[in-house]
Q: 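Quick one: this structure, given as structure tokens, is what I'll be asking you about.
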2 protein chains.
Amino acid sequence: MGSTLGRRLPVMADVAKEAGVSHQTVSRVLNDHPNVRSETRTRVLEAIDKLGYRRNLVARALVTKHSRTLGVVSFDTTLYGPASTVYGIEQAARAAGYFVSIVSLKSIDRAGVRDALDYLADQGVDGIVVVAPQRSAAEALADLPLGVPTVAVEGGEAGEVSVVCVDQVAGGRLATEHLLSLGHETVWHVRGPSDWLEAEGRVAGWRAALEEAGREAPRPLAGDWSPRSGYEAGRSLASMRNVTAVFVANDQMALGVLRAFTEQGVRVPEQVSVVGFDDIPESEFFSPPLTTIRQDFDAVGRHSIEVLVRQLEGGPQERERLVVPPTFVARVSTTRV
Amino acid sequence: MGSTLGRRLPVMADVAKEAGVSHQTVSRVLNDHPNVRSETRTRVLEAIDKLGYRRNLVARALVTKHSRTLGVVSFDTTLYGPASTVYGIEQAARAAGYFVSIVSLKSIDRAGVRDALDYLADQGVDGIVVVAPQRSAAEALADLPLGVPTVAVEGGEAGEVSVVCVDQVAGGRLATEHLLSLGHETVWHVRGPSDWLEAEGRVAGWRAALEEAGREAPRPLAGDWSPRSGYEAGRSLASMRNVTAVFVANDQMALGVLRAFTEQGVRVPEQVSVVGFDDIPESEFFSPPLTTIRQDFDAVGRHSIEVLVRQLEGGPQERERLVVPPTFVARVSTTRV
DNA sequence: TCGGATGTTGTTAGCGTTAACAATCAAGTG
DNA sequence: CACTTGATTGTTAACGCTAACAACATCCGA
């Protein structure tokens, strides 16, 4: 039991004196150096235990130049996607023996991302994961010569750095092809904000699937990921005669669409089929339960750390590009016409 | 433009040489020491700019004993509540000039919390915020002599440390009193897991409101916050004859309850009124839109940092207890009988 | 028995910064 | 004009750790 008096915390030298060895021997024990007599080792460990010694990682970082801390830059970790990704990153990082320092951006501008990166670099992180789903954030990675290994999540083509992402285009296709296979003439789309790469990818997949089937692509409706924007898009759609299938770019907006349809007396799936994107925990319990495209955020987080740690510990590597496939989840919001 | 060659990063001494001063003068400029001639200051700043110098915060932390980093321990930051709280904490911390290092716990046991705290203390954080909504986490704070100022969020009575929390009891009362005021004979309750302090508080508020009104409190139904557990509780409730009002301990479970009711042909609010808790962004678009109790997570995060920073910068203080009131949000899932 | 390889420990010198103190110089005071 | 005062700068010594090298004992084969 360490005394709680004003006494200063024990340092390596204190342990050394207690064990009757040099401080360097203590350091060797702590770092599992092979050449320490086992009898000496136990003596040192006992002294550590007795004094309640804890190694000062700051001093260690100063000399080793490694902090075993990774930085994470993300945007609005209140949203399910970013939150889940960051959670996956954090778990994977800890499993790999790293700490995680997080910066959640409020605004999305390039300068903000740059600041965050500088911020982390200053702090001495060994590597950085940037969850950069917006075009502007991805661009900020371009002017990034800061000597710290970096991985982008959802970072588009981002030139210099490795990228881990979900195949959004494939997801858009999955959703659209499913709806077409049910016999729908065409598929409407409520898209995400235009500066989000994910939104673009989903639009592209939707459009490609329609084209391949020889169908006309209607004009997509704009949304901003929020349930409210989905609600507004839903009201527009409900007022049109010929809408029988809608692919909504995320589950939250899909909820809004469902709500608008309910209010307008449009029945799902009897009159209109709806597909979402993300598979948030709630969507299974929407009315009706939502067919959607699942993103494995956990895998994305895990992979991003794998790639980063590989770069950290394996020296300079080829930059990688890792794509996680989305999966289709069938529920009752879609049925054969 | 700093060269990208293998050249080592510039240090204070390099700046000093470039500006023709001592490294200590550079340090003074960086720390806004008053006694530096303005002409010298500009010369130093120019040198810093020219060399692209960035101060090494690790070395600084070693000598000052302050890292300007705060630790945050939380449980499952995938959930809306914790995610929002942590987000609020992070924003407030950054505004106060602190970095944030986060540990998201997967399991809730006491040992896990202890480990996380040690982890952060080792890393040299100046202070710690523990988002400790479970009894076990709160208890882990008891054996916490680690010399680092700590604030608990939702930490119950937690003996030694300051606490910031939402008044859960008041929230439970608000929900229950609202339902009673609509004319319901009694109010059923779907509660959260028993080791969560928040769940207990809501139960207590619900029970108190019923007692004051002289009503019998039915046996609460158990849930685990998930929509699925709400769904199951909802099926039970739907099979009973005499249920006209339900207070559900969070919005996600309320979604499950609504789903179960819809499936069983129980109409909300015509036959049964439902109140949730949290006011997640989705609940306004449930079918029907959910009456709920809003928690200001942002304020909780902000206050916790305020309290912590006060302790950090003002020296040892009285431990504080700050309670944030919840607010009532009326929507269509409740109506007069 | 000796030279060299190997195992084990200690000594010394940083890492890049701030703190404490010393030194210098100009300005004001009696 | 000598003498204190305050502003400005430099010098030196930590902070607590690891790396590099030196020192010594031990063991092996020739």
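Below, read A as the first sequence line, B as the second, and so on, with proteins coming before strands; counting in each chain starts at 1.
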Q: Report yes if a side-chain nitrogen or oxygen of B:Lys65 is closer than 4.0 Å to either non-bridging phosphate oxygen (OP1 or OP2) of C:dT18; otherwise report no.
A: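 It does not, given that no N or O in the side chain of B:Lys65 lies less than 4.0 Å from OP1 or OP2 of C:dT18.
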Q: Would you mind reporting whether B:Val324 and B:Arg302 have side-chain heavy atoms less than 4.5 Å apart?
A: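 B:Arg302 does not reach B:Val324 side chain to side chain.
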Q: Can you check whether B:Thr64 has a side-chain N or O nearer than 4.0 Å to OP1 or OP2 of C:dA19?
A: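 No, B:Thr64 has no side-chain N/O under 4.0 Å of OP1/OP2 on C:dA19.
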Q: Any donor-acceptor pair under 3.5 Å joining the side chain of B:His23 to the base of C:dT18?
A: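 Such a pair is found, so the answer is yes.
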Q: Verify the contact: side-chain N or O of B:Ser27 to OP1 or OP2 of C:dT18, cut-off strictly under 4.0 Å; return yes or no.
A: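 For B:Ser27, the contact criterion (side-chain N or O under 4.0 Å from OP1 or OP2 of C:dT18) is met.
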Q: Taking 4.0 Å as the cut-off, does a side-chain nitrogen or oxygen of A:Arg60 come that near to OP1 or OP2 on D:dT18?
A: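 Checking D:dT18 against A:Arg60, a side-chain N or O does come within under 4.0 Å of OP1 or OP2.
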Q: More 5' along DNA chain C: B:Ala13 or A:Gln24, using each one's nearest nucleotide?
A: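 Comparing both residues, the 5'-ward one is A:Gln24.
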Q: Which whole-number value in Å describes the distance from B:Arg54 CZ to C:dG16 P?
A: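 About 16 Å, once rounded to whole Å.
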Q: Using the ring of each side chain (for Trp, its six-membered ring), is B:Phe99 parallel, tilted or perpendicular to A:Tyr119, with breaks at 30° and 60°?
A: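 Ring orientation, 0 to 90° scale: tilted.
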Q: May I have the distance from B:Asp122 (atom CG) to D:dC17 (atom P), rounded to whole angstrom?
A: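 Interatomic distance, CG of B:Asp122 to P of D:dC17: 11 Å.
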Q: Hey, does the side chain of B:Asn35 come within less than 4.0 Å of D:dT8's phosphate (OP1/OP2), counting only N and O?
A: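 Answer is yes, contact under 4.0 Å.
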Q: Is it true that a side-chain atom of B:Ser27 and a backbone atom of B:His23 form a donor plus acceptor pair closer than 3.5 Å?
A: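 Judged by distance alone, no pair lies under 3.5 Å.
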Q: C:dT9, OP1 or OP2 - any side-chain N/O from A:Thr40 closer than 4.0 Å?
A: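 For A:Thr40, the contact criterion (side-chain N or O under 4.0 Å from OP1 or OP2 of C:dT9) is met.
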Q: Does D:dT18 have OP1 or OP2 under 4.0 Å away from a side-chain N or O of A:Arg55?
A: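 Affirmative; the distance criterion is met.
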Q: Which heavy-atom pair separates A:Ser104 from A:Thr77 by the least distance, and what is that distance?
A: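 Here A:Ser104 and A:Thr77 meet closest at OG-OG1, 3.1 Å.
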Q: Angle between ring planes, A:Phe75 versus A:Trp196, binned at 30° and 60°: parallel, tilted or perpendicular?
A: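 Geometry flag for A:Trp196 against A:Phe75: perpendicular rings.
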Q: Counting only side-chain heavy atoms from C-beta out, which of C:dT17, C:dG10, D:dT9 sits nearest to A:Ser22?
A: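 Out of C:dT17, C:dG10, D:dT9, the nucleotide with an atom closest to A:Ser22's side chain is C:dG10.
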Q: If you look at every strand shown and take non-hydrogen atoms under 4.0 Å, does B:Val58 touch a base, only sugar-phosphate, or nothing?
A: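 Contact class for B:Val58: none.
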Q: Side chain of A:Arg37 only, heavy atoms from C-beta on: which candidate in D:dT9, D:dT18, C:dT9 is closest?
A: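 Closest nucleotide among those given: C:dT9.
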Q: Side chains of B:Thr69 and B:Gln123: is there a donor and an acceptor less than 3.5 Å apart?
A: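 The answer is no; no qualifying pair exists.
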Q: Could you give the CZ-to-P distance, from B:Arg28 to D:dA7, as a whole number of Å?
A: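 Nearest whole value for this atom pair: 13 Å.
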Q: Quick check on the helix from C:dT1-D:dA30 to C:dG30-D:dC1: what's the angle between its two end axes, five base pairs per end, to the nearest 10°?
A: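 Answer rounded to 10°: the end axes differ by 50°.
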Q: If we check side chain to side chain contact (heavy atoms under 4.5 Å, CB included) with A:Val130, which of these qualifies: A:Leu105, A:Leu117, A:Val151, A:Val72?
A: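 Answer to the side chain to side chain contact (heavy atoms under 4.5 Å, CB included) test with A:Val130 among A:Leu105, A:Leu117, A:Val151, A:Val72: A:Leu117.
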Q: Is B:Ser101 reaching over with its side chain to a backbone N or O of A:Val100, donor-acceptor style, under 3.5 angstrom?
A: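 Yes, the answer is positive, given that a donor and an acceptor are paired below the 3.5 Å cut-off.
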Q: Tell me the interatomic distance from A:Leu62, atom CG, to D:dA19, atom P, rounded to whole angstroms.
A: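 Answer to the nearest Å: 12 Å.
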Q: Please report the distance, rounded to the nearest Å, between CZ in A:Arg41 and P in C:dT8.
A: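 Rounding to the nearest Å, CZ of A:Arg41 and P of C:dT8 are 10 Å apart.
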Q: Counting the atoms with a prime plus P, OP1 and OP2 as sugar-phosphate, which does A:Thr25 contact under 4.0 Å by heavy atoms, base, sugar-phosphate, or nothing?
A: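 Since only primed, P, OP1 and OP2 atoms lie under 4.0 Å of A:Thr25, the category is sugar-phosphate.
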Q: Between B:Asn31 and C:dT18, does any side-chain N or O lie under 4.0 Å from OP1 or OP2?
A: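 Yes, within the criterion.
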